[in-house]
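All values derive from a computational prediction rather than experimental measurement.
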Amino acid sequence: MPSKITYAEGRLTVPADPEIPFIEGDGVGPELWRAAEPVLSAAAARTGRRISFLPVAAGLQALERTGEHLPRATLETLADRRVSIKGPLATPVGGGIRSLNVAIRQALDLYACVRPVSHVPGVPSPVREPGKVDMVVFRENTEDVYAGLEWPSGSPEAEALAGFLSERLGVSLRPGTALGLKPMTETASKRLVRAALRWAVAEGRPSVTLVHKGNIMKYTEGAFRRWGYEVAAEEFGGLTVPEAEAGPGERRIVIKDRIADNMFMQTLLRPAEYSVLAMPNLNGDYLSDALAAQTGGLGMAPGANIGDGVAVFEATHGTAPKYAGKDVANPSSLILSGALMLDHLGWRDAGDLVRAALRRAVADGFMTNDLARQIPGAAPCGTAAFGAEVLRRV
């Protein structure tokens, strides 16, 4: 029987034979999982461990089986087993159910969306020097626009809120305004920055940059910036230094801050100057995808949603239903997310095996169509074939 991962006093205890839940996902999800699972299992086996993957239902598969998109039993299993992995889940745009990804993050309080972004040599890129991009985005996962506090134009709720704003706060709005709220708290902001700082300390990263729009939204994103500096000074004081006080050859972690729009420019012009980025939700949503674009797209981007004692690793792209069942989708995002999961388990040697195997497969000319079509004369391989080539190199 497989063993359970446990959590106590801020630490995971991971047995050599853990049971880890997986959600195949919708659209291309099942075929991506079929390509990724053997790679992750082989890397664990090569390093003397064994993973028992436990299927759990969410998304369209769960709806067909249970009548619910996200059964309570699935959330209970994810919380109980502590570490899990998932494919993309379908969410309608502009109506219908709320995002299942958001629902999972909020239900399990997975407050840090972690997206490492670096270039795999040989992967085509729209920039000249993609190898200079080596950043980890820490994006707050529970507040800002992800709080989901919005009401449609003309709704009783929007009218009531508009009336309150007019009568009590003197705010004048156009008739029929749709309204949303942007909540940001000291607690959530500080724990996100704290997680980014801990990552930087553990990984030997040279800087943490607070990315915000505090020049305009002074009491929300401006507060995020202030709270970030407070965490660095109060909890990591001997290990960090504000950028204005950093000297030549600084050995401490340098705390920087950048206005969000300027940060987009910085990632193109001076990517080597940035390492770990911590930011509110919407900034992180935009910037993590923009960084992924520089290194091959979302098909190459790993991701994780991490809380205190619970983590869900996931492919960062969507379900791509028009490609489902055609054996053309890129499984690299899910494979690399699995490598990140192995790191989280404390199995860095296994995670490194996966990353090295994928890099060798790409170096040997194996790519799915999303990448191969950008290289004149390159012949794409299918989802299953690419997974098999990575597996062969583990």
Side-chain angles (χ1 to χ4, degrees), residues 1-7 11-25 28-57 77-78 80-88 114 116 118 120 202-203 299-306 309-316 327 329-368 381-394:
M1 290 288 291
S3 303
K4 285 176 60 174
I5 298 169
T6 58
Y7 179 76
R11 294 179 63 87
L12 288 175
T13 298
V14 181
D17 59 341
E19 184 174 61
I20 293 180
F22 74 91
I23 298 170
E24 277 191 336
V28 296
E31 55 201 291
L32 299 184
W33 178 248
R34 289 193 295 271
E37 185 276 328
V39 173
L40 305 180
S41 294
R46 278 281 310 274
T47 56
R49 296 112 168 181
R50 179 172 59 85
I51 298 174
S52 294
F53 285 108
L54 173 68
V56 293
T77 299
L78 299 182
D80 181 64
R81 298 309 195 278
R82 298 289 176 179
V83 176
S84 53
I85 187 167
K86 61 177 282 296
V114 182
S118 61
V120 173
E203 298 294 323
M300 299 299 299
N305 298 285
I306 301 174
V310 183
V312 178
F313 296 79
E314 65 178 356
T316 59
D327 191 42
N330 188 348
S332 296
S333 176
L334 191 59
I335 291 171
L336 293 171
S337 296
L340 195 59
M341 180 188 75
L342 296 174
D343 295 344
H344 186 74
L345 295 174
W347 301 355
R348 176 62 68 89
D349 51 350
D352 286 344
L353 274 178
V354 172
R355 283 181 287 268
L358 188 142
R359 284 172 173 261
R360 286 197 296 271
V362 171
D364 291 341
F366 294 98
M367 297 181 195
T368 48
C381 64
T383 306
F386 182 78
E389 292 297 337
V390 177
L391 176 62
R392 203 159 63 83
R393 289 161 174 79
V394 170

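Between P302 and P116 the shortest side-chain heavy-atom distance falls below 4.5 Å. Considering only heavy atoms from C-beta on, V83 comes within 4.5 Å of L12 through its side chain. Contact check for F53 versus S41: side-chain heavy atoms found under the 4.5 Å cut-off. Taking the side chain as every heavy atom from C-beta outward, I335 and V354 approach each other to under 4.5 Å. Using a 4.5 Å cut-off on side-chain heavy atoms (C-beta onward), F366 and R360 make no contact. Proximity of N330 to V28: side-chain heavy atoms (C-beta onward) are nowhere separated by under 4.5 Å. Proximity of M367 to F386: side-chain heavy atoms (C-beta onward) are nowhere separated by under 4.5 Å.
How far CE of M341 is from CD of E314: 13.5 Å, rounded to the nearest 0.5 Å. Rounding to the nearest 0.5 Å gives a distance of 3.0 Å between CG of D80 and NZ of K4. Between atom CZ of residue F22 and atom CG of residue L54 there is a gap of 7.5 Å, rounded to the nearest 0.5 Å. Put simply, CD1 on I85 and CD1 on I23 are 10.5 Å apart, with the number rounded to the nearest 0.5 Å. One distance of note links NZ of K86 with CG of N305; it measures 7.5 Å at 0.5 Å rounding. To the nearest 0.5 Å, atom OG of residue S118 and atom CZ of residue R355 are 8.5 Å apart.
Nearest approach of L32 to A329, heavy atoms of both residues: CD2-CB, 3.7 Å. P15 approaches W347 most closely through the heavy-atom pair O-CZ2, 3.5 Å. Minimum interatomic distance between C381 and A385 (heavy atoms only, all atoms of both residues): CB-CB, 4.2 Å. Listed here is the closest heavy atom pair of L78 and S84: CD2-OG, 3.4 Å. Residues T368 and G382 approach most closely at CG2-O, 4.0 Å, considering heavy atoms. The nearest pair of heavy atoms linking V390 to L358 is CG1-N, 3.9 Å.
Between D349 and R46 no salt bridge is recorded (no basic side-chain N to carboxylate O distance below 4.0 Å). The pair D352-R359 fails the salt-bridge criterion, with no side-chain N (NZ, NE, NH1 or NH2) lying under 4.0 Å from an Asp/Glu carboxylate O. The pair R81-E19 meets the salt-bridge criterion, since a charged nitrogen lies less than 4.0 angstrom from a carboxylate oxygen.
At a cut-off of 3.5 Å, with distance as the only test, a side-chain donor of R50 or S52 sits close to an acceptor on the other residue. Side-chain contact annotation: D17 with S3, donor-acceptor N/O pair under 3.5 Å present.
Not a single donor-acceptor pair under 3.5 Å links the side chain of R82 to the backbone N or O of V310. One N or O on the side chain of S337 and one on the backbone of G303 form a donor-acceptor pair closer than 3.5 Å. D327 places a side-chain N or O within 3.5 Å of a backbone atom of T383 that can act as its donor or acceptor partner. Judged by distance alone, with hydrogens and angles left aside, the side-chain atoms of T316 form a donor-acceptor pair with the main-chain N or O of A301 at under 3.5 Å.
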Inset, instruction - Please step through side chain to side chain contact (heavy atoms under 4.5 Å, CB included) for the pair I20 and L345, ending with a clear verdict. - result: CA-CA 11 Å; I20 293 180; L345 295 174; 3.9 Å; yes
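For R392, the side chain to side chain donor-acceptor pair (under 3.5 Å) test picks out E389, with sequence neighbours left out.
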